[in-house]
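Contents: one structure, followed by commentary.
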Amino acid sequence: MGNKIFYFTGTGNSIAIAKTLADSLGDTELIPMASAMHGDINIRGERIGLVFPVYAWGMPRLVVDFARHLKPEAGQYVFAVTTCGGTLGKTLVQLDKALQLNGSKLNAGFAVRGSFLISLEGSNEEGLINFMSWLGRKTTPDEAENRLPEIARIVKTKGSHKPETSNASVNVIGSMLYGFGLRMFQKMDKNLSATDACVSCGTCVRVCPRENVSIENGRPVWHQDCESCYACVAWCPQHAIVFNGKAPKLPAHHPDVSVADVMLR
Ligand SMILES: Cc1cc2nc3c(=O)[nH]c(=O)nc-3n(C[C@H](O)[C@H](O)[C@H](O)COP(=O)(O)O)c2cc1C
């Protein structure tokens, strides 16, 4: 029986990591969490992996929903890799708890730093992010490229690896900010708009993990159920989607990932 890796990605880091791990493990199916949630999640597999980004020092809303629906069989090996900009907080501990509620557990949980970080002018959380990075500096995860061989080795042997975490200061502050952060992200799309460069191609609709974008009168419209993953901004072939009126710095996504990789429908 092969393995399954479920992933969620906005700007491509997580799918790049999921692909590398799938290649190292062999016989591994890659499945977007967003698509898997449409019916019962088929969890048949030797190993189940979850790969996703850290949002507000915790699990993105989509991953919370996914973990709630995921019911691994008793004894099935579950691992996770979370990718972040520098401070993961209690993301993996949170995932372990969610799995325990379903009678399972996280056998191995790793955090890596994504090799790509989207740069959006006008997003004003930078000061807080820098402060948290400074606070967590002794527990900053290593870059994905450096850790993936070790992670693959552990997962291949179904080894245990205690869910990695930041230090206590980051975790306390991060836990306080998490709920607020997720609520804020849900409405983040009010800052998004399309410029005249938009050609109504619908890529934004097809990459959105929340089905939160539709095309109306030839332009994308967002419906305030945003994950704040920036997939619509990152993958727009015309770079027509702007944040607070400003285009992202290019490149806006992981260089080794293509739009075809992240299409959900
Ligand atoms: C809405 C949002 C919240 C984020 N929160 C954090 C965070 O709390 N800590 C952190 O280190 N990085 C944070 N990041 C950075 C992402 O975790 C990081 O860029 C990740 O590699 C993105 O993965 P992806 O390319 O698969 O979407 C955040 C990014 C976004 C878009």
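Throughout, residue positions are numbered sequentially from 1 according to the sequence presented. Predicted model only: the values in this text are computed from it and were never measured.
With Ile151 as the fixed residue, the side chain to side chain contact (heavy atoms under 4.5 Å, CB included) test singles out one of Thr20, Ile17, Val112: Val112.
Taking 4.5 Å as the limit, every side-chain heavy atom of Leu106 sits out of range of all side-chain heavy atoms of Val93. Counting heavy atoms from C-beta outward, Cys236 and Thr203 have side chains that stay 4.5 Å or more apart. Contact check for Val213 versus Val221: no side-chain heavy atoms found under the 4.5 Å cut-off. Between Trp235 and Met263, every side-chain heavy-atom pair lies at or beyond the 4.5 Å cut-off. Counting heavy atoms from C-beta outward, Phe6 and Pro32 have side chains that stay 4.5 Å or more apart. Between Met33 and Leu62 there is a side-chain heavy-atom pair separated by less than 4.5 Å. Val51 places a side-chain heavy atom less than 4.5 Å from the side chain of Ile5. Thr87 places none of its side-chain heavy atoms less than 4.5 Å from the side chain of Thr140.
With sequence neighbours excluded, no residue satisfies side-chain hydrogen bond (donor to acceptor under 3.5 Å, both in side chains) with Ser104. Not a single side-chain hydrogen bond (donor to acceptor under 3.5 Å, both in side chains) links His253 to another residue, sequence neighbours left out.
At a threshold of 4.0 Å, the pair Glu150-Arg147 counts as salt-bridged, since one of the basic side-chain nitrogens sits closer than that to a carboxylate oxygen. Salt bridge annotation for Arg61-Asp225: present, with a cationic side-chain nitrogen under 4.0 angstrom from a carboxylate oxygen. One finds a salt bridge joining Asp65 and Arg210 here, because a Lys/Arg side-chain nitrogen approaches an Asp/Glu carboxylate oxygen to under 4.0 Å. A salt bridge does not link Lys19 to Asp256: none of the charged side-chain nitrogens sits closer than 4.0 Å to a carboxylate oxygen. Ionic pairing of Glu46 and Lys158 is present here: one or more N-O contacts between side-chain nitrogen and carboxylate oxygen are shorter than 4.0 angstrom.
Side-chain N or O atoms of Gln186 include none that pairs as donor or acceptor with a backbone N or O of Cys226 at under 3.5 Å. The backbone N or O of Leu135 sits less than 3.5 Å from a side-chain atom of Asn167, completing a donor-acceptor pair. In this structure, the side chain of Thr82 engages the main chain of Phe52 through a donor-acceptor pair within 3.5 Å. The main-chain N or O of Lys190 is never found under 3.5 Å from a side-chain atom of Gln224 such that the two would form a donor-acceptor pair. Between the Trp222 side chain and the Lys187 main chain, no donor and acceptor come within less than 3.5 Å of each other. Remark: the backbone N or O of Ile15 is not paired with any side-chain donor or acceptor of Asp261 at under 3.5 angstrom. One N or O on the side chain of Gln94 and one on the backbone of Met59 form a donor-acceptor pair closer than 3.5 Å. Distance alone, capped at 3.5 Å, places no donor-acceptor pair between the Thr28 side chain and the Leu25 backbone. Side-chain atoms of Thr195 come within 3.5 Å of backbone N or O of Ala197 as a donor-acceptor pair. Looking at Asn13, its side chain never comes within 3.5 Å of a backbone N or O of Ala16 through a donor-acceptor pair.
Within the model, atoms OG of Ser166 and CD1 of Ile173 stand 11.0 Å from one another, a figure rounded to the nearest 0.5 Å. How far NZ of Lys4 is from CD1 of Ile43: 8.0 Å, rounded to the nearest 0.5 Å. In this structure, the separation between CD on Glu121 and OG on Ser119 is 7.5 Å, given to the nearest 0.5 Å. Atom CG in Asn107 sits 10.0 Å away from atom CD1 in Ile48 (nearest 0.5 Å). Remark: Ser24 OG to Leu148 CG distance equals 7.5 Å, nearest 0.5 Å. Atom CD1 in Ile154 sits 12.5 Å away from atom NZ in Lys156 (nearest 0.5 Å).
Residues Pro141 and Gly86 approach most closely at CD-O, 3.1 Å, considering heavy atoms. Smallest separation of non-hydrogen atoms from Ile241 and Cys232: CD1-O, 3.5 Å. Heavy-atom minimum distance, Ala252 versus Ala234: O-CB, 3.2 Å. Between Cys198 and Arg219, the shortest heavy-atom distance links the atoms CB-NE, 3.7 Å. Taking each heavy atom of Ala67 and Leu95 in turn, the nearest pair found is CB-CD1, 4.0 Å. Here the closest non-hydrogen pair linking Glu145 and Pro149 is O-CD, 3.7 Å.
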Kindly indicate, with the supporting measurements, whether the criterion side chain to side chain contact (heavy atoms under 4.5 Å, CB included) is fulfilled by Thr165 and Thr139.
-> CA-CA 8 Å; Thr165 174; Thr139 45; over 6 Å; no
When you look at Thr83 and Val54, which way does the side chain to side chain contact (heavy atoms under 4.5 Å, CB included) test go after all the steps?
-> CA-CA 6 Å; Thr83 157; Val54 171; over 6 Å; no
Kindly indicate, with the supporting measurements, whether the criterion side chain to side chain contact (heavy atoms under 4.5 Å, CB included) is fulfilled by Arg44 and Asn42.
-> CA-CA 6 Å; Arg44 282 180 62 80; Asn42 176 356; 3.5 Å; yes
Show the numbers, then the answer: is there a side chain to side chain contact (heavy atoms under 4.5 Å, CB included) between His254 and Ser115?
-> CA-CA 7 Å; His254 191 294; Ser115 50; 3.2 Å; yes
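The hydrophobic cluster containing Ile41 does not contain Leu264, counting ILVMFWY residues as joined when their side-chain heavy atoms lie under 4.5 angstrom apart, directly or transitively. Hydrophobic clustering (side-chain heavy atoms under 4.5 Å, transitive across Ile, Leu, Val, Met, Phe, Trp, Tyr) groups Leu88 together with Tyr55. Leu92 is connected to Tyr178 through a chain of hydrophobic side-chain contacts under 4.5 Å among Ile, Leu, Val, Met, Phe, Trp and Tyr, so both are in one cluster. Met188 and Val205 fall within a single hydrophobic cluster, where Ile, Leu, Val, Met, Phe, Trp and Tyr are joined by side-chain heavy atoms under 4.5 Å apart, directly or via other members. In the hydrophobic clustering of ILVMFWY residues, with side-chain heavy atoms under 4.5 Å counting as a link, Tyr77 and Leu30 come out together.
Heavy-atom contacts from other residues, nucleotides or ligands closer than 6.0 Å to CD of Glu126 number 12 or fewer. By the neighbour-count criterion of 12 heavy atoms within 6.0 Å, atom NE2 of His223 is densely surrounded, having more than that number from other residues, nucleotides or ligands. More than 12 heavy-atom neighbours from other residues, nucleotides or ligands sit within 6.0 angstrom of CD on Gln100.
For the residue pair Asn212/Asp189, the side-chain donor-acceptor check at 3.5 Å is satisfied.
Aromatic ring centres of Phe8 and Phe66: separated by at least 6.0 Å.
Residues in residues 98-148 take part in these ring pair (Phe, Tyr, Trp, His ring centres under 6.0 Å) pairs, two or more places apart or across chains: Phe110-His161.
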